[in-house]
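Computed from heavy atoms alone, side chains included, the values below leave out hydrogens, waters and symmetry copies.
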Amino acid sequence: MIEKAKGETAYLPCKFTLSPDDQGPLDIEWLLSPADNQKVDQVIILYSGDKIYDDYYQDLKGRVHFTSSDLKAGDASINVTNLQLSDIGTYQCKVKKAPGVANKKIQLTVLVKPSGTRCYIDGSEEIGSDFKLKCEPKEGSLPLQYEWQKVSDPQKLPTSWLAEMTSSVINVKNASTEYSGTYSCTVRNRVGSDQCLLSLDVVPPSNRAGTIAGAIIGTLCALLVIGFIIFCCLKKRREEKYEKEVHHDIREDVPPPKSRTSTARSYIGSNHSSLGSMSPSNMEGYSKTQYNQVPSEDFERAPQSPTLPPAKLKYAYKTDSATVV
């Protein structure tokens with residue numbers, strides 16, 4: 001039986017001695033019986049007719065080789081490189097040289113070294129509290145062995161821990177400042193080991209009430225600031241919307257301005273209508289003063305008088321013979 005670590009090389013010995021009666025051709029065959037009994041035996045390498053054939057089993061292709069360059073000298077040993085967990089099984093070496101036949105079986109076990117070991121504290125490192133020191137490898141074949149040590153001061157190792165110094169977890173009860181220091185945890189199995197360090201600092205209890213109150217106050221202040229910002233943004237949006245609506249209503253209510261020509265005509269027409277009742281004696285002075293005036297822009301917004309048809313003026317005067325109208 002051979003035990004090796006994953007990734008290493010396994011040397012599987014197979015030496016033989018030929019008899020003077022063995023006159024046939026030399027044939028050497030290595031077989032693998034996988035750990036899973038449901039799988040059939042696999043030929044992994046073969047020597048026959050002075051040639052080597054090593055491409056029978058794909059899982060071991062390129063990883064299995066004869067150790068001797070002259071197999072006829074009596075050495076049929078092989079090396080299996082870069083071992084994997086799938087290589088676990090029973091290997092059988094068969095040597096044939098008629099009429100002689102011999103075979104040998106070797107049990108190969110591939111183990112995984114402990115690696116990626118992590119040391120950490122599960123709990124609060126406060127005086128009087130209970131917590132755990134844990135040591136966990138990321139991988140490693142069982143069985144695993146653990147060993148804790150206090151690196152900073154080996155003489156002050158708590159006596160209550162002695163029973164748990166060979167387990168993966170140390171339960172700390174009623175912690176004190178004497179427990180502070182640097183600890184190491186070593187994990188071992190039959191093919192290797194790994195180690196991690198842990199720094200323990202037991203401190204007085206913290207003011208949890210003050211911490212919780214501070215966290216609550218900080219959260220409330222943050223919510224108030226966020227609420228104020230949202231309120232300002234909404235208020236600004238409402239003001240902009242109101243300004244747009246008012247501007248739109250004003251533009252719809254304002255009538256289009258009248259032209260100067262229509263204003264002047266309405267003004268002159270209204271004066272014509274008033275002349276119908278005037279006598280010739282008053283007309284001359286009125287026309288001179290009124291018709292010379294140019295209507296200003298102020299008249300554009302004044303209410304417009306209805307336009308009346310021009311009045312017919314009648315003048316009467318007497319002559320020596322008759323009255324003319």
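- Applying the ring pair (Phe, Tyr, Trp, His ring centres under 6.0 Å) test to every pair with at least one member in residues 186-205, sequence neighbours left out, gives no pairs at all.
- When hydrophobic clusters are built by joining Ile, Leu, Val, Met, Phe, Trp and Tyr residues whose side-chain heavy atoms come closer than 4.5 Å, directly or via intermediates, Tyr91 is not grouped with Leu31.
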Q: Give the C-alpha distance, both sets of side-chain angles, the deciding distance and a yes or no for side-chain contact (heavy atoms from CB on, under 4.5 Å) between Val110 and Gln84.
A: CA-CA 7 Å; Val110 179; Gln84 303 298 317; over 6 Å; no
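- Side-chain contact between Asp59 and Leu32 is absent, with no heavy-atom pair separated by less than 4.5 Å.
- Criterion: ILVMFWY side-chain heavy atoms under 4.5 Å apart, direct or through other members. Under it, Leu162 and Val172 are part of a common hydrophobic cluster.
- Grouped with Leu111 in one hydrophobic cluster are Val191, the linkage being side-chain heavy-atom contacts under 4.5 Å among Ile, Leu, Val, Met, Phe, Trp and Tyr residues.
- No donor-acceptor pair closer than 3.5 Å links the side chain of Glu3 to the backbone N or O of Thr109.
- In plain terms, the two heavy atoms of Thr177 and Ile127 that are nearest each other are CG2-CD1, 3.7 Å.
- Every pair passing ring pair (Phe, Tyr, Trp, His ring centres under 6.0 Å) that includes a residue from residues 150-191 is listed here, sequence neighbours excluded: Trp161-Tyr179, Trp161-Tyr183.
- Within the 3.5 Å criterion, the main-chain N or O of Thr81 finds a donor-acceptor partner in the side chain of Arg63.
- Lys97 NZ: more than 12 foreign heavy atoms inside a 6.0 Å radius.
- Taking NZ of Lys15 as the reference point, atom OG of Ser68 lies at 9.5 Å (rounded to 0.5 Å).
- Taking every heavy atom of both residues into account, Ser193 and Arg188 meet most closely at CB-CG, 3.5 Å.
- In this structure, the separation between NZ on Lys134 and CG on Asn171 is 9.0 Å, given to the nearest 0.5 Å.
- The two residues Ile44 and Val64 come nearest to each other via the heavy atoms O-CG1, 3.8 Å.
- For Tyr11 against Ser77, the heavy-atom pair with the smallest separation is OH-OG, 3.3 Å.
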Q: Could you walk me through whether Thr117 and Gln195 pass the side-chain contact (heavy atoms from CB on, under 4.5 Å) test, one step at a time?
A: CA-CA 6 Å; Thr117 306; Gln195 188 181 70; over 6 Å; no
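- Note that the NZ atom of Lys94 and the NZ atom of Lys104 stand 16.0 Å from one another [nearest 0.5 Å].
- Using modelled atom types, no side-chain atom of Asn189 and backbone atom of Pro143 make a donor-acceptor pair closer than 3.5 Å.
- With salt bridges taken as basic N to acidic carboxylate O contacts below 4.0 Å, none links Lys132 and Glu164.
- The shortest non-hydrogen separation linking Ala76 to Leu71 is CA-CD2, 4.4 Å.
- A donor and an acceptor atom, one from each side chain of Glu147 and Thr186, are nowhere located under 3.5 Å apart.
- Looking only at distances, a side-chain donor or acceptor of Asp194 sits under 3.5 Å from a matching main-chain atom of Gly116.
- Side-chain atoms of Glu178 do not come within 3.5 Å of backbone N or O of Ala175 as any donor-acceptor pair.
- In this structure, Thr182 contributes its side chain and Val151 its backbone to no donor-acceptor pair below 3.5 Å.
- Qualifying side-chain contact (heavy atoms from CB on, under 4.5 Å) partners for Lys105, counting only residues two or more places apart in sequence or in other chains: Thr90, Gln92.
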Which side-chain N or O atoms in residues 45-55 pair as donor and acceptor under 3.5 Å with protein atoms at least two apart or in another chain?
{"unit_1": "Tyr47", "atom_1": "OH", "unit_2": "Asp50", "atom_2": "OD1", "d": "2.9"}
{"unit_1": "Ser48", "atom_1": "OG", "unit_2": "Asp27", "atom_2": "OD1", "d": "3.0"}
{"unit_1": "Asp50", "atom_1": "OD1", "unit_2": "Lys72", "atom_2": "NZ", "d": "3.3"}

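- Clustering of Ile, Leu, Val, Met, Phe, Trp and Tyr side chains at separations under 4.5 Å places Val187 together with Leu142, Leu144, Tyr146.
- Not one N or O on the side chain of Trp30 forms a donor-acceptor pair closer than 3.5 Å with the backbone of Phe66.
- In this structure, cysteines Cys135 and Cys185 have SG atoms closer than 2.5 angstrom.
- Both Leu83 and Ile2 belong to a common hydrophobic cluster when Ile, Leu, Val, Met, Phe, Trp and Tyr are linked at side-chain heavy-atom distances under 4.5 angstrom.
- Atom CD of Gln149 sits about 5.0 Å away from atom OG of Ser184, to the nearest 0.5 Å.
- Here the options are Ile78, Ile106, Asp75, the test is side chain to side chain contact (heavy atoms under 4.5 Å, CB included), and the partner is Pro13; only Ile106 passes.
- Linking Ile, Leu, Val, Met, Phe, Trp and Tyr whenever their side-chain heavy atoms come within less than 4.5 Å puts Leu85 and Leu12 in one cluster.
- When all heavy atoms of Val95 and Cys14 are compared, the pair lying nearest together is CG2-SG, 4.4 Å.
- Between the OG1 atom in Thr166 and the CD atom in Gln145 there is a gap of 9.0 Å [rounded to 0.5 Å].
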Q.
For a side-chain contact (heavy atoms from CB on, under 4.5 Å) check, start with the C-alpha distance between Asp87 and Leu60, then their side-chain angles and the critical distance, and finish with the verdict.
A. CA-CA 8 Å; Asp87 299 338; Leu60 283 173; 3.5 Å; yes
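- The NZ atom of Lys150 sits 8.0 Å away from the CG atom of Leu200 when rounded to the nearest 0.5 Å.
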